[in-house]
Amino acid sequence: MDVDLRKLRYFVAVAERLHFGRAAEALHIAQPVLSRQIRALEEELKAQLFVRSKRATELTPAGEQLLADARPLLASAEALRRRVARAARGTDAFVVGFMPGLIVTPAVRALRERHLGLTVEVVRTTWDDQIEVIRDGRVDIGYVRLPVDQRGLRIRPLLTEPRVAVLPADHRLAGKDVIGIADLADEHLLQDPDAVPEWRDLATELRRPGGRRPEPTFHAVEEKLEHVAAGHGVVVLPLSVVTFYTRPDVTYVPIADIPPNQVCLAWDSARRNPLIAEFAAIAADAQGGTDPSPEPWGGAATSPGP
């Protein structure tokens, strides 16, 4: 049996929303059509994927497994489509993703100078999509900040950098030479607590009745800094990010007792494009690396980023 990618896309739309009506609206198809396609997929896989009642739609264990496997499969299919379309247009291009605060110009320029007919493009990524753009083919290689989901990727470490507390300029801790993570225990963190597990493990607000107050999701560094400046809370970021986005109403203080942020290169382990290996070696050399071989690294991801 061949898996129908269209049915998989329909399944993921329902699984992410747990609502057939909203999924059908997002897919721009009628709800009965969507329901028929999901039933057909269940028949093909010989497994029930959803449990539906008048009040809720829930994934079965088989549905949860399919969702975990379907996302990377669909991303790989999209990556294939992008690369074939690029080849059909005759475009000779190499695309590099990079996280905020990281300077990639020296490596990009070096690759361009080695291959004069090659167009080398850069794409700014965020904490939410730094791996997604690799998996779906928008970039060939990316500068990422750990931790990331390393399934299907090759990872090469480049550098580490300290993490700092980003505070309003008039904050009680502003101006200190260094603080400990315990100094932030009573602060409101404008990030997912899992992004700063050292804070999460001792945060006062997570232990109050009712727990942490709901917060909007901030995707861009600029959004986080705006809320810090307004006095809504604090964030913990790699040093290069806050020095790149310097502003007078925000300051930062080093945190002495948490591990640094790890910056790595990441690329699809199934890719065999020699330009990826060449760029990885160039990037490592630009950071002062001594090993020119682009061998993968499988170490534990312990240092969150922004």
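- Gln150 CD to Cys264 SG: the interatomic distance, rounded to the nearest 0.5 Å, is 7.5 Å.
- Residues Arg247 and Glu226 are paired through a salt bridge, judged by an N-O separation under 4.0 Å between the basic side chain and the carboxylate.
- Other residues, nucleotides and ligands contribute more than 12 heavy atoms inside 6.0 Å of the CD atom of Glu205.
- Here Lys7 pairs with Asp4 in a salt bridge; the nearest charged N to carboxylate O distance falls below 4.0 Å.
- Between the CH2 atom of Trp267 and the CZ atom of Arg154 there is a distance of 5.5 Å, given to the nearest 0.5 Å.
- Atoms OH and OG1, from Tyr252 and Thr246 in turn, are 7.0 Å apart once rounded to the nearest 0.5 Å.
- The backbone N or O of Asn261 lies less than 3.5 Å from no partner atom in the side chain of Thr160, so there is not a single donor-acceptor pair.
- The aromatic rings of Phe94 and Phe279 sit tilted, their planes meeting at an angle between 30° and 60°.
- Annotation for Asp177: atom CG does not count as buried by contact number, only 12 or fewer foreign heavy atoms lying within 6.0 Å.
- For the atom pair CG of Leu49 and CD of Glu42, the computed distance is 4.5 Å after rounding to the nearest 0.5 Å.
- The shortest distance between side-chain heavy atoms of Pro168 and Val250 does not fall below 4.5 Å.
- Looking only at distances, no side-chain donor or acceptor of Asp285 sits under 3.5 Å from a matching main-chain atom of Ile282.
- Between Glu198 and Arg163 a salt bridge is recorded (basic side-chain N to carboxylate O distance below 4.0 Å).
- The main-chain N or O of Val95 is found under 3.5 Å from a side-chain atom of Asp140 such that the two form a donor-acceptor pair.
- Here the closest non-hydrogen pair linking Glu121 and Ala93 is OE2-CB, 4.4 Å.
- Note on Arg81 versus Glu78: salt bridge recorded, some NZ/NE/NH1/NH2 to OD/OE distance being below 4.0 Å.
- Remark: the backbone N or O of Ala203 is paired with a side-chain donor or acceptor of Arg207 at under 3.5 angstrom.
- No donor-acceptor distance shorter than 3.5 angstrom exists from the side chain of Thr57 to the backbone of Arg52, with no hydrogens or angles considered.
- In this structure, Arg6 CZ and Leu8 CG are separated by 11.0 Å, a value rounded to the nearest 0.5 Å.
- Remark: the backbone N or O of Leu74 is not paired with any side-chain donor or acceptor of Arg135 at under 3.5 angstrom.
- Checking side-chain atoms of Arg200 against main-chain N and O of Val196 turns up no donor-acceptor pair under 3.5 Å.
- Side-chain N or O atoms of Arg112 include one that pairs as donor or acceptor with a backbone N or O of Val120 at under 3.5 Å.
- Side-chain atoms of Asp257 come within 3.5 Å of backbone atoms of Ile181 as a donor-acceptor pair (strictly under, hydrogens ignored).
- Summarising the geometry, atom CZ belonging to Phe50 is positioned 8.0 Å from atom OG1 belonging to Thr60; distances are rounded to the nearest 0.5 Å.
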